[in-house]
2 protein chains.
Amino acid sequence: MTADPALAAEGAASERIANQLRDAILAGDIGPGERIRQEEVAERLGTSRLPVREALRILEAEGLTEHTANKGARVPRLDPAELDVLYQMRERLEPLALTESLPHLSAGDVRQLHVLHERIAADTDLREFMVLDRAFHLGSYAGCASEQLGSSVTRLWNATQPYRRAFMALGGPQRRWIIDHEHRLLLDAIDRRDSVDAERYLAGHIRRTRIELAGHPEVFHPAPARRRSAPAVPLPTAAG
Amino acid sequence: MTADPALAAEGAASERIANQLRDAILAGDIGPGERIRQEEVAERLGTSRLPVREALRILEAEGLTEHTANKGARVPRLDPAELDVLYQMRERLEPLALTESLPHLSAGDVRQLHVLHERIAADTDLREFMVLDRAFHLGSYAGCASEQLGSSVTRLWNATQPYRRAFMALGGPQRRWIIDHEHRLLLDAIDRRDSVDAERYLAGHIRRTRIELAGHPEVFHPAPARRRSAPAVPLPTAAG
DNA sequence: AGGGTTGTTTATGGATCCAATAAGTGCCAG
DNA sequence: CTGGCACTTATTGGATCCATAAACAACCCT
């Protein structure tokens with residue numbers, strides 16, 4: 001799994017910009033339904049509009065933005081049915097990624113997963129939780145050698161991220177307890193290198209979230225009235 | 001499944017170019033390992049290099065080309081392990097697409113599948129077979145409403161296409177018979193709208209192909225020495 | 001007064017030009 | 001004769017400029 005966007009800091013400018021925009025979307029700074037203007041991004045990053053356009057094409061192909069001719073790009077707003085299918089895709093693909101990854105995970109990798117698991121249980125901040133949870137799951141796929149499988153799984157995580165955040169935001173603490181329990185079962189299976197059990201627990205983990213999500217339609221509506229003028233966290237500027 | 005590239009003829013120029021390049025790759029006109037020069041494509045399509053660049057970014061995000069800074073794009077050459085994983089992904093995702101599609105398939109859609117099935121059995125030309133087989137399988141997912149699932153399945157088909165062609169090229173007629181048989185079972189299940197059986201037959205169909213492919217390493221090597229222009233005789237330099 | 005129309009504004013799409021980098025080639029020295 | 005080095009060339013990456021289409025608003029006509 002070399003497809004982690006955060007790691008690809010170097011490379012062509014269009015990819016760097018794509019990574020920054022992707023991070024902004026995943027962090028919730030841009031949010032579903034919101035528009036992305038080329039000029040604004042170009043100006044903020046201190047570059048021309050051209051690499052921004054390429055970056056938007058990349059994100060479009062990843063499903064993170066949708067493009068209309070002469071109308072520009074915006075973050076798509078998923079409907080419940082589409083999100084449900086995305087979760088079913090995760091339910092089938094991520095266990096495969098885990099099985100592919102398990103034999104190649106080093107002892108240090110597994111140790112790192114334990115560390116993340118403990119930090120998740122300890123932490124309560126939502127933003128931090130999103131980062132740690134992502135690191136935990138994607139970290140468990142770190143041994144997966146397949147480029148395509150890795151990028152597919154990452155894409156699914158990215159596409160579902162905004163709604164996962166909205167879902168976590170409205171639950172009580174017991175939601176954390178359930179997740180902690182499921183993560184523990186998963187970790188045990190990983191410790192034993194038991195891919196059958198690991199697949200089962202992982203699929204169940206995703207499936208339960210999917211079912212619960214189906215019962216919370218408010219996750220889709222919020223559209224938290226983001227202001228254009230005052231982005232809570234400005235895009236990372238082109239730090240020289 | 002609105003992601004079929006062949007249907008998206010209109011739209012921005014970058015997408016049109018991406019579609020044309022995609023078709024060329026899928027038809028085998030470009031082939032794994034071969035390079036794609038922006039200027040050549042731009043000249044051939046009578047446009048500037050700029051939309052070609054965007055098109056290449058799109059194809060890169062789809063996994064159909066790989067991009068290196070200042071070195072350009074080329075069609076990636078998959079190794080056997082990667083192809084095997086791609087087939088495992090198909091094995092898990094395409095049954096889901098079929099289950100999502102089945103309830104929404106019209107009687108006319110199913111009838112069209114029967115027509116394709118008969119044409120596949122009758123035809124013997126390889127190039128034609130590749131087109132029909134693709135139309136048959138992707139046609140069975142036509143009822144799938146999910147944008148993301150449709151595009152993912154299409155991507156997997158595209159990525160594996162060159163090797164599927166090489167595989168079909170070296171087999172005898174009995175390979176066609178087996179495929180015909182498996183397609184018939186699949187069609188029966190579709191006729192009965194039996195998603196459980198349909199998933200089973202489809203997964204088996206893909207799985208058998210994967211296993212057989214693993215026993216034919218020559219599929220990867222051939223690289224049929226595509227030359228852009230017969231370099232047997234080195235060009236006289238500085239022909240002015 | 002309301003709706004349709006037209007002009008203005010704004011943002012995207014495309015083309016040409018220039019800079020930077022990698023590969024290929026020829027030359028020179030050992 | 002061979003290996004290394006510098007130069008040339010070809011190709012990609014980026015920026016600026018211009019054309020085009022959509023959104024918006026004011027205005028006129030009914």
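Note on naming: letters A, B, ... go to the chains in the order of the sequence lines (proteins, then strands), and numbering restarts at 1 for each one. Quick caveat, the model's predicted, so the values are computed rather than measured.
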Atom pair distance, as rounded to whole Å: CD in B:E43 and P in D:dT11: 11 Å
To the nearest Å, give me how far apart CZ (B:R53) and C1' (D:dG14) are. 7 Å
Among D:dG13, D:dT16, C:dG13, which nucleotide sits nearest the side chain of B:R49? D:dG13
Rounded to whole angstroms, how far apart are CZ on A:R57 and C1' on C:dT12? 10 Å
Expressed as a whole number of angstroms, how long is the span from B:L50:CG to D:dT16:C1'? 12 Å
Looking only at side-chain atoms of B:R35, point me to the closest of D:dA21, C:dT16, D:dT12. D:dT12
Is B:R53 paired with A:E54 through a side-chain N to carboxylate O contact shorter than 4.0 Å? yes
What's the closest nucleotide to the A:Q38 side chain, out of C:dA22, C:dG14, C:dG13? C:dG13
With side chain to side chain donor-acceptor pair (under 3.5 Å) as the criterion, how do B:T65 and B:E60 come out once you've worked through the C-alpha distance, each side chain's angles and the decisive distance to 0.1 Å? CA-CA 5 Å; B:T65 62; B:E60 182 194 14; 6.0 Å; no
Please report, rounded to the nearest Å, how far the P atom of C:dT10 is from the CD atom of A:E40. 15 Å
Should A:T47 be listed as having a side-chain N or O under 4.0 Å from OP1 or OP2 of D:dA15? yes
Looking across every strand, which nucleic acid part, if any, lies under 4.0 Å from A:I17 by heavy atom: base, sugar-phosphate, or nothing? nothing
Closest-nucleotide ordering on DNA chain D, the 5'-leading residue of B:E39 and A:S48: B:E39
Between B:R90 and B:Y87, is NZ or CZ placed under 6.0 angstrom from the six-membered ring centre and within 45° of the ring axis? yes
Is the shortest side-chain N/O distance from A:H67 to OP1 or OP2 of C:dT12 below 4.0 Å? no
Think B:K71 has a side-chain N or O under 4.0 angstrom from the OP1 or OP2 of C:dA23? yes
Closest of C:dA15, D:dT11, C:dT12 to the A:R37 side chain is C:dT12
For the pair B:E91 and B:R210, find out whether any cationic side-chain nitrogen is under 4.0 Å from an anionic carboxylate oxygen. yes
Name of the residue among A:L93, A:L149, A:L96 meeting side chain to side chain contact (heavy atoms under 4.5 Å, CB included) with B:Q88: A:L96
By nearest-nucleotide position on DNA chain D, the 5'-leaning member of A:E54 and A:N70 is A:E54
